[in-house]
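Down below is the structure, laid out as structure tokens.
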2 protein chains.
Amino acid sequence: MQRYFAKEKNGNSFILGSDDLYHIRTVMRMKDNDKIYVVYEKITYICCLENVKNDIKILIEDVVENTNENSLEVTLFLPLLKEQKMDLVLQKATELGISRIVPITTSRSIIKLNEGKEDKKLERWRRICKEASEQAHRNTIPEISSVIDIKNIGSLPGLNLVCSTVEKEKNIKYILQKKQDYDKINVVVGPEGGLSKEEEGYLKEVGFIPVTLGDNIMRVETVPIFILSIINYEYME
Amino acid sequence: MQRYFAKEKNGNSFILGSDDLYHIRTVMRMKDNDKIYVVYEKITYICCLENVKNDIKILIEDVVENTNENSLEVTLFLPLLKEQKMDLVLQKATELGISRIVPITTSRSIIKLNEGKEDKKLERWRRICKEASEQAHRNTIPEISSVIDIKNIGSLPGLNLVCSTVEKEKNIKYILQKKQDYDKINVVVGPEGGLSKEEEGYLKEVGFIPVTLGDNIMRVETVPIFILSIINYEYME
């Protein structure tokens with residue numbers, strides 16, 4: 001059954017965005033009395049469609065028992081990547097339960113955001129995360145913040161990790177297994193070519209722990225997928 | 001420094017494939033006396049180029065100390081996927097140290113291999129793995145076997161796992177943490193829609209353990225990347 005995130009709840013019916021209505025009518029060719037899942041404020045409802053062709057009504061029929069959405073909040077600080085790679089990371093991070101993505105600029109980032117283009121990019125990234133959330137049957141859509149410079153990250157509550165190019169000894173497993181009682185994890189990933197020593201030094205100062213990811217040499221877009229997979233694994237019950 | 005896998009060793013020089021020579025001359029525009037890494041029979045050499053424009057010579061200058069290529073052998077049984085998804089899995093699996101990929105057909109696979117097209121596909125898949133191995137500085141290229149039907153998998157030495165749609169209790173963490181002394185792991189991943197009960201039953205008969213991957217609902221191409229990430233993590237030292 002298809003799943004959509006509602007914009008608004010209106011008594012016993014929902015209001016969906018125009019993209020979603022297009023999807024219902026034109027892509028899925030749904031008919032009156034067809035059922036869909038609608039998620040609103042982290043709750044999933046079973047809804048029935050009425051008057052699909054004209055002024056569509058999306059009526060609540062039932063509430064689905066709350067699935068166990070992870071209580072662990074993971075934030076990924078992600079350098080700007082080429083469009084295709086950015087899209088891939090956003091989609092996969094959403095599937096792997098990410099809570100929040102903060103795009104960052106770093107001194108070695110090749111990709112720059114053109115003045116005035118950020119809003120359009122954010123809109124695109126948010127759409128990708130919304131669609132991936134629907135596909136992955138999530139009750140929440142990851143939040144995507146505005147682009148910030150790495151030097152604006154600051155001190156954060158929780159376990160703070162930075163993928164290091166300098167650190168040789170402490171791997172991510174050592175750190176994750178030592179510290180299992182956090183409800184927030186923040187991870188900073190570097191761009192191609194890695195973070196500069198100065199950037200890593202700065203993050204260390206504000207409380208980020210530099211870690212290695214083992215012996216594999218991964219492309220930059222693989223790193224967040226790898227890290228989110230192992231965080232999921234480490235917190236699997 | 002660029003890295004290539006040699007086809008042949010000839011005294012103190014190497015013979016590379018025509019794709020690699022094209023890459024050296026036309027893509028990288030290398031010149032005489034430029035250096036490259038050449039991998040041959042799992043050993044990495046530093047080589048010097050001579051006579052790049054005509055009858056190129058690739059002369060050994062030094063041997064690089066053996067990097068710790070993982071001694072764990074992981075084989076992935078992967079259903080045929082759409083081209084772009086297949087390419088993604090092959091590339092990422094190579095980065096994550098896979099030893100062998102066996103493409104499989106299953107009853108619910110939507111993608112079929114057209115008669116007579118297998119050789120061309122295998123050539124494409126092998127090229128992707130070779131290029132990804134070079135990028136990831138591997139000493140080996142993953143082996144890609146011919147396509148087989150899932151019912152021909154048979155009993156295999158090592159830890160054998162199948163991503164289950166039936167199993168509810170045993171997650172992959174429970175199994176991996178219980179059995180850490182294997183040097184071979186074989187993993188069967190299902191197509192979109194999962195394996196049939198019959199297929200899963202068959203694999204169980206020949207010794208595969210059905211496991212769940214936790215609460216996330218992942219796209220089919222995400223599953224192998226997730227599993228290889230956590231196997232890397234579990235065997236990280």
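In what follows, chains carry the letters A, B, and so on, assigned in the order in which the sequence lines appear, proteins first and then strands, with residues in each chain numbered from 1. No hydrogens, no waters, no symmetry mates; every other heavy atom, side chains included, goes into these values.
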Could you check whether atom [atom1] of [X] has more than 12 heavy atoms from other residues, nucleotides or ligands sitting under 6.0 Å from it?
X        : atom1 : answer
B:Tyr40  : OH    : yes
A:Lys204 : NZ    : no
B:Glu123 : CD    : no
A:Lys35  : NZ    : yes

Min side-chain heavy-atom separation A:Lys92-B:Glu221 under 4.5 Å: yes
4.5 Å side-chain heavy-atom contact, B:Ile217 and A:Glu95: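 Side-chain contact under 4.5 Å: no.
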Interface moiety of B:Leu213 toward chain A, non-hydrogen atoms closer than 4.5 Å: backbone
Hey, could you give me the [atom1]/[atom2] distance between [X] and [Y], rounded to the nearest 0.5 Å?
X        : Y        : atom1 : atom2 : answer
A:Glu237 : B:Asp215 : CD    : CG    : 9.0 Å
B:Thr222 : A:Leu228 : OG1   : CG    : 11.5 Å
B:Ile172 : A:Asn232 : CD1   : CG    : 12.0 Å
A:Glu234 : B:Tyr233 : CD    : OH    : 3.5 Å

Nearest atoms (heavy-atom pairs only) where B:Ser229 meets A:Ile230: O-CG2, 3.7 Å
Exercise: identify the closest heavy-atom pair between B:Gln84 and A:Gln84: NE2-NE2, 3.9 Å
Set of side-chain hydrogen bond (donor to acceptor under 3.5 Å, both in side chains) partners for A:Glu192, sequence neighbours left out: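 Residues passing side-chain hydrogen bond (donor to acceptor under 3.5 Å, both in side chains) with A:Glu192: none at all.
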Which residues share a side-chain hydrogen bond (donor to acceptor under 3.5 Å, both in side chains) with B:Asn171, sequence neighbours left out: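 Not a single residue meets the side-chain hydrogen bond (donor to acceptor under 3.5 Å, both in side chains) criterion with B:Asn171.
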Residue-level interface, residues 99-109 of chain A with chain B, non-hydrogen cut-off under 4.5 Å: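 No residue falls under the 4.5 Å cut-off.
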B:Asp183: side-chain contact (heavy atoms from CB on, under 4.5 Å) partners, not counting sequence neighbours: none
Among A:Gln135, A:Met236, A:Gln91, A:Arg219, residue most engaged with chain B (heavy-atom pairs, under 4.5 Å):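 When all of A:Gln135, A:Met236, A:Gln91, A:Arg219 are compared, A:Arg219 has the most.
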